[in-house]
Colleague: 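Submitted below is the structure of interest, expressed as structure tokens.
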Amino acid sequence: MQYFLFFLATLPLWFLIFRILANKPLLLRLAALFILIVPLLYLIRFIHYSINDYMGWGHLQSTGMVWDIYIPGLFMMIQFGFLFAYEHYLENQKKLLVEGELRQAALKSELSAIKAQLNPHFLYNVFNTINASVPAENEKTRQLIAELSDLFRYQLQATKEDLVPLRDEISFVKKYLDLEKARFEERLRVEIDVEDGLMQEKVPPMILQPLVENSVKHGLSSLIDGGEITIRIFRKEGKLKFVISDTGVGIQNKEAIFHSGIGLQNTRKRLQKMYNSTVEVSDNEPSGLTISFSI
């Protein structure tokens, strides 16, 4: 009965240490354990002796009573020692898993960078050759080829940089949308709302384009009248808040959009690993989707 009472007393103590205080520093949790365990031991001994006296079973007397504190306390400390060790083991396994994923991502990134560096000027020369062969009267076509060349140039440079100014990222997205406008014409309307004071903020390269492409490809392309894409970037609670909205067809299963292409999957993984940030997907009013995240 005594050890059953100690087992019951362990449950709220375990909940406090490993649930309520789970994210607190280890020293604070250990201090809370040592402070609470002593009165808890005396309380359980008092309940135990009270039951024994009521039932006429008897219990240790005089100096022998200390053993009903020392031995259960020893078992309790061993028990919580195992619990802390198991918690540390689980955290270590998570760290090893994340480190493994980061090594894989770094290896893929390094291989991609090597491939991109083989001869990036080859692409520029090809675009320049094509551009030069287009008759002067087709100025719009020449402009589109030049913008496509700029897109490739930025994409190749992005493989060498971890962070770029927000101004460069916005310029890249604008060029991409200009190319899409050439296809959709008046069906595609774009609004970009970014404060000038944020343009020098550093952001991961190619973080916006996959989200904007999703809005164009899966949101607006099937609509006869097209729609509007809105990009808003502002500071909120010390972080940069990105909100990309479209007035497209929307989607019922929000999680499904992350399985529709590698771009969105990679964007979510990059934000999670770099900033522990979550990509949130919600319905836009009156139609379409809103994708947002903070860094």
Side-chain angles (χ1 to χ4, degrees), residues 22-25 91 94-95 97-99 101-102 104-106 108-109 154-155 157-177 189-220 227-248 250-295:
N23 297 322
K24 301 298 182 181
E91 290 178 353
K94 290 180 180 178
K95 289 181 181 179
L97 181 61
V98 171
E99 288 175 359
E101 292 178 352
L102 288 175
Q104 286 291 100
K108 290 181 180 179
S109 178
Y154 180 84
Q155 190 173 21
Q157 289 175 347
T159 62
K160 307 173 186 178
E161 303 288 342
D162 294 328
L163 298 171
V164 297
L166 179 59
R167 185 184 305 279
D168 294 348
E169 184 71 4
I170 293 296
S171 176
F172 172 73
V173 171
K174 285 181 177 179
K175 285 184 170 62
Y176 165 75
L177 288 171
R189 299 174 296 280
V190 178
E191 179 183 350
I192 299 178
D193 180 14
V194 185
E195 297 178 7
D196 291 338
L198 301 179
M199 286 300 188
Q200 293 303 319
E201 294 288 335
K202 297 291 187 177
V203 300
M206 300 287 295
I207 203 71
L208 281 176
Q209 189 273 337
L211 306 180
V212 175
E213 181 182 359
N214 177 77
S215 295
V216 174
K217 183 177 179 180
H218 299 289
L220 305 178
E228 182 175 348
I229 293 177
T230 302
I231 301 172
R232 296 176 58 239
I233 304 174
F234 52 92
R235 191 176 297 281
K236 182 179 180 181
E237 297 178 356
K239 295 185 177 181
L240 283 184
K241 181 81 172 182
F242 294 73
V243 181
I244 300 94
S245 304
D246 66 71
T247 58
I251 189 172
Q252 290 286 338
N253 183 3
K254 304 299 187 293
E255 183 65 23
I257 69 170
F258 294 104
H259 304 286
S260 60
I262 192 171
L264 287 176
Q265 293 183 38
N266 286 346
T267 298
R268 181 163 70 169
K269 289 179 180 179
R270 289 172 68 197
L271 290 170
Q272 173 65 33
K273 293 183 183 300
M274 294 180 69
Y275 299 99
N276 196 26
S277 178
T278 302
V279 178
E280 299 176 354
V281 182
S282 59
D283 292 322
N284 189 28
E285 294 296 337
S287 62
L289 286 179
T290 293
I291 301 178
S292 62
F293 62 90
S294 299
I295 61 174

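Heavy atoms only: backbone and side chains are in, while hydrogens, waters and symmetry mates are out.
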Colleague: Can you tell whether the side chains of K269 and E101 come within less than 4.0 Å, N to carboxylate O?
Modeller: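 Looking at K269 and E101, the cut-off is not met.
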
Colleague: If you look at every heavy atom in L198 and L166, which pair is closest and at what distance?
Modeller: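 Of all heavy-atom pairs spanning L198 and L166, the closest is O-CD2, 3.4 Å.
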
Colleague: Measure the OG-CG distance between S294 and L271 for me, rounded to the nearest 0.5 Å.
Modeller: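 Here the interatomic distance stands at 9.5 Å.
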
Colleague: Measure from the side-chain N and O atoms of T247 to the backbone N and O of G288, and report whether any donor-acceptor pair falls under 3.5 Å.
Modeller: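 Looks like no, no N/O pair under 3.5 Å.
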
Colleague: Counting only heavy atoms not in D196, do more than 12 sit closer than 6.0 Å to its CG atom?
Modeller: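 No.
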
Colleague: What's the spacing between I231 CD1 and E191 CD if we round to 0.5 Å?
Modeller: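 Output value for this atom pair is 10.0 Å.
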
Colleague: Is E169 reaching over with its side chain to a backbone N or O of M206, donor-acceptor style, under 3.5 angstrom?
Modeller: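 At least one qualifying donor-acceptor pair exists.
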
Colleague: Please name the pair of heavy atoms, one in Y275 and one in I295, separated by the smallest distance, quoted to 0.1 Å.
Modeller: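 Closest approach of Y275 to I295: CD1-CG2, 3.5 Å.
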
Colleague: Look up atom CG in L177 and atom CD in E213, then write down how far apart they are to the nearest 0.5 Å.
Modeller: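 One finds 10.5 Å between CG of L177 and CD of E213.
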
Colleague: Between CD1 of I233 and CE of M199, what distance do you get to the nearest 0.5 Å?
Modeller: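 The CE atom of M199 is 7.5 Å from CD1 of I233, to the nearest 0.5 Å.
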
Colleague: In this structure, which one of D246, T230, T290 forms a side-chain hydrogen bond (donor to acceptor under 3.5 Å, both in side chains) with S215?
Modeller: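 Of all the options given, the one that passes is D246.
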
Colleague: Kindly compute the distance separating CG (L102) from CE (M274), expressed to the nearest 0.5 Å.
Modeller: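 Rounded to the nearest 0.5 Å, the CG-CE separation comes to 11.0 Å.
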
Colleague: Mind listing the closest non-hydrogen atom pair of T278 and F293 along with its distance?
Modeller: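 The answer is O-CB, 3.8 Å.
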
Colleague: Return the minimal non-hydrogen interatomic distance between R270 and P205, and the atom names on each side.
Modeller: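 For R270 and P205, the tightest heavy-atom pair comes out as NH2-O, 2.7 Å.
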
Colleague: Using side-chain heavy atoms (C-beta onward) and a distance below 4.5 Å, is S245 in contact with L289?
Modeller: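 No; the side chains remain at least 4.5 Å from each other.
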
Colleague: Tell me whether K174 at atom NZ has more than 12 heavy atoms from other residues, nucleotides or ligands lying less than 6.0 Å away.
Modeller: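 No, because the 6.0 Å sphere around NZ of K174 holds 12 heavy atoms or fewer from other groups.
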
Colleague: Decide yes or no on side chain to side chain contact (heavy atoms under 4.5 Å, CB included) for D168 and V203, but give the supporting numbers first.
Modeller: CA-CA 10 Å; D168 294 348; V203 300; over 6 Å; no

Colleague: Decide side chain to side chain contact (heavy atoms under 4.5 Å, CB included) for I244 and N214; before the verdict, give the C-alpha distance in whole Å, the side-chain angles of both, and the deciding distance to 0.1 Å.
Modeller: CA-CA 10 Å; I244 300 94; N214 177 77; over 6 Å; no

Colleague: Rounded to the nearest 0.5 Å, what separates atom OG in S277 from atom NZ in K241?
Modeller: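 S277 atom OG to K241 atom NZ measures 8.0 Å (nearest 0.5 Å).
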
Colleague: Applying side chain to side chain contact (heavy atoms under 4.5 Å, CB included), run through S171 and K175 and close with a yes or a no.
Modeller: CA-CA 6 Å; S171 176; K175 285 184 170 62; 3.4 Å; yes

